[in-house]
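What follows is a single structure, written as structure tokens, with notes after it.
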Amino acid sequence: TTKIILDTDPGIDDAMAILFAEAHPALDLVAITTVYGNATIDNATRNALYLKQKFNFTADIAKGASKPLHRPPVGATVVVHGETGFGDLTAPDDITEQADPRPAYQYIIDTVKANPGEIILVTVGPLTNIALALEAAPEIAGLVKEVVVMGGAFGMNDHRGNVTPYAEANIHDDPHAADIVFCASWPVVIIGLDVTEQSFFTGQYLDELRDDAGEVGQFIWDVSRYYLRFYSQKVGLNGCHVHDPSAIVYVINPDLFTLREGAVRVVTDGPAEGMTIQKFDDRKYMNDEWSSMPNQRVGIAVDDQALLKLYRESL
Ligand code: BDR
Ligand code: CA
């Protein structure tokens, strides 16, 4: 099995990803580390503890950053994920599960060092915790097996941002952190809107999950009602794109994705703040800075039907 730490801001599609990672036999979900984003850090952490308690996970939960490294916080995305982050649901008051005493970045450092070459970091929220971990212990770059990031939008297949015309939410929340993560010398795979918006959970697909996937299916159906209202009212679609679960799919079966290699940077301020860009040609530029940067891989296509099948069968 593959050991993963899932760094997440639960979040409706985050819950879909967490339950999927927990269900799949090829994955060992070692920990869920939380970050602000879709919800406040307190709500995001509470939501993670709620899932752990409700579904009896063994995964540790570690509480992470409450705000971006440098930019002012954007604030919880209430219109997409609701006041608590879990749509119409509110985590109960009687949660007895507790978070690890360490902050998420320290938990990540310790766990990576204790399992050299074994951990895949999967991130489906802003990249603040990962940047903090890299800053405090740069040597983890050589000890992590792979970093799989849901975030960004590179303009392939006409897909651009969802917060601004250029920026995707996870990167826009903390562009400085994302730039640190992409520029580090470790293998990063970026599963951005270019691929996540190629896969779609229809209303009917989610109804079938509810009917066939027991308590987990019912929970996903319940938590996704708010999300589907957002999609129908603001996006004009009956269903939702498959953002965060796509990163988990990549870990289970990378062959479902086509990747493009090249250095990646993030625009950290100005009108295109949070935009992700990749140098993917061999051209020599006057400014040579790009040639010395690590090559990362960016998802440009996905077998969406196989992805939907894998998700359904796992649950
Ligand atoms: C990303 O932003 C969040 O709203 C989702 O949970 C996902 O991680 C999509 O842009
Ligand atoms: Ca997320």
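Numbering starts at 1 and runs along the sequence shown. Order of listing sets the numbers, starting from 1, for every ligand and every atom in it. Computation of the quantities below employed the complete heavy-atom set of this structure, encompassing side-chain atoms and omitting hydrogens, waters and symmetry-equivalent molecules. Nothing here was measured: the structure is a model prediction, and the numbers come from that model.
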Below 4.0 Å from any atom of ligand 1, is there a heavy atom belonging to [X]?
X	value
Val80	no
His81	yes
Val124	yes

[X] and [Y] ion-paired at < 4.0 Å:
X	Y	value
Arg102	Asp60	no
Asp179	Arg265	yes
Lys279	Glu289	no

For the pair Tyr227 and Phe230, name the ring-plane relationship: parallel under 30°, tilted 30 to 60°, perpendicular over 60°.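 Geometry flag for Phe230 against Tyr227: parallel rings.
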
Should the pair Phe201 and Tyr311 be assigned to parallel (<30°), tilted (30 to 60°) or perpendicular (>60°) ring geometry?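 Judged by the thresholds at 30° and 60°, the geometry between Phe201 and Tyr311 is tilted.
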
Those atoms of ligand 1 less than 4.0 Å from some heavy atom in [X]:
X	result
Ala169	2 (O), 10 (O)
His243	9 (C)
Asn170	1 (C), 2 (O), 7 (C), 8 (O)
Asp14	6 (O)

Among all the protein's non-hydrogen atoms, which is closest to [atom], and how far away is it?
atom	answer
atom 4 (O) of ligand 1	Asn38 OD1, 2.8 Å
atom 8 (O) of ligand 1	Asp244 OD1, 2.6 Å
atom 6 (O) of ligand 1	Asp13 OD1, 2.6 Å

Are Phe182 and Val124 grouped together when hydrophobic residues (ILVMFWY) are joined by side-chain heavy atoms under 4.5 angstrom apart? no

min-distance N/O/S atom, Asp244 vs the Ca ion (ligand 2), resolves to OD2

With distance as the sole criterion, is a donor-acceptor pair present between the side chains of Thr90 and Thr84 under 3.5 Å? no

Thr33 and Asp7 side chains, donor-acceptor separation under 3.5 Å: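 Checked: Asp7/Thr33 side chains pair up, N/O donor to acceptor below 3.5 Å.
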
Where the Ca ion (ligand 2) is the vertex, angle from Asp14 OD2 to Asp9 OD1 to 10°: 70°

Pick one: which of Val264, Ile277, Ile300 meets side-chain contact (heavy atoms from CB on, under 4.5 Å) with Phe154?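 The passing option is Val264.
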
I want to know if ligand 1 touches Glu168 in the polar sense, i.e. an N/O pair below 3.5 angstrom.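 Indeed, backbone or side chain, Glu168 has an N or O that close.
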
Select one of side chain, backbone, both or neither to describe which atoms of Asn162 lie under 4.0 Å from any atom of ligand 1, heavy atoms only. side chain

Give a yes or no on whether Val124 keeps an N, O or S atom under 3.0 Å from the Ca ion (ligand 2). yes

Shortest non-hydrogen contact between Val216 and Phe55, atoms and distance: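 Between these two residues, the closest heavy atoms are CG2-CE2, 3.7 Å.
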
